[in-house]
Amino acid sequence: MDAPDITDLSQLTYNEAGLIPCIVQDVRTREVLMMAWMSAESLALTLECGETVFWSRSRQELWHKGATSGNTQRVVELRYDCDADALLALVEAAGPACHTGAQSCFFRTLG
């Protein structure tokens with residue numbers, strides 16, 4: 001049975017800090033680019049402006065991805081998982097996702 005579409009963003013399940021994880025994936029290549037946290041406010045701003053906006057836990061502020069670097073991420077589709085406690089943003093990236101300059105933040109392997 002499919003879960004109903006969420007129209008009220010408050011129906012999403014946020015953690016005790018009021019955040020929800022968001023996996024960012026390239027819409028064309030399907031490469032996982034990064035994971036970042038969204039607050040209800042950053043999610044609303046993402047939906048409003050059409051580019052990813054996150055909550056920076058280290059700086060304790062909103063973070064519009066690419067606002068200073070130019071490496072923005074235009075949201076093509078935003079999905080949520082079956083438990084409504086994680087997001088998936090399918091994006092068109094204007095540049096590398098990682099602050100190191102790597103295309104993806106997931107460029108290291110264990111072992």
Transitively linked via ILVMFWY side-chain contacts under 4.5 Å: [X] with [Y]?
X	Y	value
Leu78	Tyr80	yes
Tyr14	Trp63	yes
Leu88	Met38	no
Val75	Val27	no

> Does Ala86 offer a backbone N or O that forms a donor-acceptor pair with the side chain of Asp81 under 3.5 Å?
Replying inline: yes
> Taking the side chain from Asp26 and the backbone from Arg28, do they hold a donor-acceptor pair closer than 3.5 Å?
Replying inline: yes
>> How long is the straight-line distance from CD of Glu31 back to CZ of Phe106, given to the nearest 0.5 Å?
In response: 10.5 Å
Minimum-distance pair of heavy atoms, taken over all atoms of [X] and [Y]:
X	Y	value
Pro96	Ala102	CB-O, 3.3 Å
Ala93	Leu33	CB-CD1, 4.1 Å
Ala94	Gly70	CB-O, 3.7 Å
Phe54	Trp37	CB-O, 3.3 Å

> Which residue pairs pass the side-chain hydrogen bond (donor to acceptor under 3.5 Å, both in side chains) test with at least one member in residues 90-111, sequence neighbours excluded?
Replying inline: Arg74-Glu92
>> Pair Glu41, Leu62 - check side chain to side chain contact (heavy atoms under 4.5 Å, CB included), show working.
In response: CA-CA 8 Å; Glu41 181 181 10; Leu62 291 169; 3.5 Å; yes
>> Test side chain to side chain contact (heavy atoms under 4.5 Å, CB included) on Leu90 and Arg30; report intermediate values, then the result.
In response: CA-CA 8 Å; Leu90 299 173; Arg30 298 300 191 196; 3.4 Å; yes
Are [X] and [Y] close enough that some pair of their side-chain heavy atoms sits under 4.5 Å apart?
X	Y	value
Leu87	Leu12	yes
Leu9	Leu43	yes
Ser39	Ile20	no

> Does the side chain to side chain contact (heavy atoms under 4.5 Å, CB included) test come out yes or no for Trp55 and Gln60, once each step is laid out?
Replying inline: CA-CA 7 Å; Trp55 177 256; Gln60 292 291 296; 3.9 Å; yes
> Which pairs count as salt bridge (charged side-chain N to carboxylate O under 4.0 Å, His left out) when at least one residue sits in residues 52-72, sequence neighbours excluded?
Replying inline: Arg59-Glu61
Kindly list each side-chain donor-acceptor pair under 3.5 angstrom involving residues 44-53, sequence neighbours excluded, with atom names and distances?
from, atom 1, to, atom 2, distance (Å)
Thr46, OG1, Ser42, O, 2.9
Thr46, OG1, Val53, N, 2.9
Thr46, OG1, Val53, O, 3.2
Glu51, OE1, His64, NE2, 2.7
Thr52, OG1, Gln73, OE1, 2.8

